[in-house]
Amino acid sequence: MKYEGMVIRPPSEADSLLLQITYGCSHNQCTFCGTYPDKPFRTRPFEEIQADIEEVKKYTRGQEVRRIFLCDGDALILSTKKLLRILKVLNESWPDLQRVAIYANARDIIKKSESELKELAGQKLTLAYLGLESGNDQILKRVKKGATAEEMVTAVQKAQTGGIKMSVIGLLGLGGPELTEEHARETARAVSAMKPRYFSLLTLMLVPGTPLAESAAKGEFTVLEPRAMVEEMRSMVAQIDTHNTIFRTNHASNYAPIGGTLNKDKQRILKEIDGYLQGQHGFRPEAFRGL
Ligand code: SF4
């Protein structure tokens, strides 16, 4: 297997085979993101992808690969034709494959027709991760997310209608202290409209060299204190109205790891958050936080 540069995956893809089908992120402008600074976006030749698959087949010697995560940043940008060609090889190689997952941007999804999305889901591309970050357009514009909240809501709804489950990610602290209320309220509003299968939260950590870290160094942006991050999470969860959405904060950046299903477990989740705020459980120490 040949990997180029830093390769990231969501925590829930820890047991998946990671297969790079693109390099970097086609957007690559979010001010908080330090993932692909030196990796310009490009697609990977099919022959190279195929060679990687053949190598894994030799290595696993007939053992089944059940889950595959297609990297890098927004691999769903590939045309449906190219994606179907890759999925065909994956399905032929491992007939018991359970699911293929991918990172996606709103425009990747919006550009595809509902029948294209259904075709991809039919070939086991059944889970896509989308970084909503915030439901507040002022924050999204400020961090150069490249999509509005409304576009992301439309994208998530469209993918789910097409049979692709969506895992949506929010970023606590992205609005700083002055927009914390708006960030909580409007992210909750967007998630309520999306009703994604999964919603997870990360907590902002400044990555050296990113524009957001530079703004913070100049005093133009303030990172919330740990307690304010957890209060923001409480406010967000309290305002979400969804159905059967698996909620988790198991990412290493979070101060308070919590999980459950919204709305079903909302009261229990809020009680657990209150436990952190009232000092019954300690926040994750800074030394144990990470991206
Ligand atoms: S879309 Fe995702 S990977 Fe690309 S720059 Fe933004 S946060 Fe980073």
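What you see below is based on every heavy atom in this structure, not just the backbone, and it leaves out hydrogens, waters and symmetry mates. Just so you know, ligand 1 is whichever comes first in the structure, and atom 1 is the first atom listed for that ligand.
- Taking every heavy atom of Gln29 and a limit of under 4.0 angstrom, the matching atoms of ligand 1 come to 5 (S).
- Taking 4.0 Å as the cut-off, Tyr103 does not count as a neighbour of ligand 1 on heavy-atom distance.
- With a 4.0 Å heavy-atom cut-off, ligand 1 is reached by the side chain of Asn105 but not by its N, CA, C or O.
- For the 3.5 Å distance criterion, the side chains of Asp74 and Ser26 qualify, holding a donor opposite an acceptor.
- The side-chain heavy atoms of Phe199 and Met194, taken from C-beta on, include no pair separated by under 4.5 Å.
- Under a 4.0 angstrom heavy-atom cut-off, Cys30 registers as being in contact with ligand 1.
- Atom 8 (Fe) of ligand 1 has no N, O or S atom of His27 under 2.8 Å away, backbone or side chain.
- Protein heavy atom closest to atom 5 (S) of ligand 1, with residue, atom name and distance, is Asn28 CA, 3.5 Å.
- Within ligand 1, the atoms closer than 4.0 Å to a non-hydrogen atom of Tyr36 are 3 (S), numbered from 1 in the order shown.
- Remark: side-chain polar atoms of Lys124 are not paired, donor with acceptor, to backbone N or O of Asn91 under 3.5 angstrom.
- When each of Leu224, Thr180, Asn254, Leu201 is paired with Met229, the side chain to side chain contact (heavy atoms under 4.5 Å, CB included) condition holds for Leu224 and for no other.
- The single protein non-hydrogen atom nearest to atom 4 (Fe) of ligand 1 is Cys25 SG, 2.3 Å, given as residue, atom name and distance.
- Atom 4 (Fe) of ligand 1 lies at 2.8 Å or more from every N, O or S atom belonging to Cys33.
- In this structure, a donor-acceptor pair under 3.5 Å is present between the side chains of Arg44 and Tyr23.
- Summary of contacts: the protein heavy atom closest to atom 2 (Fe) of ligand 1 is Lys145 NZ, 4.2 Å.
- A donor atom on one side chain and an acceptor atom on the other are not found under 3.5 Å apart for Thr210 and Glu214.
- Side-chain N/O atoms of Tyr255 and Arg227 include no donor and acceptor closer than 3.5 Å.
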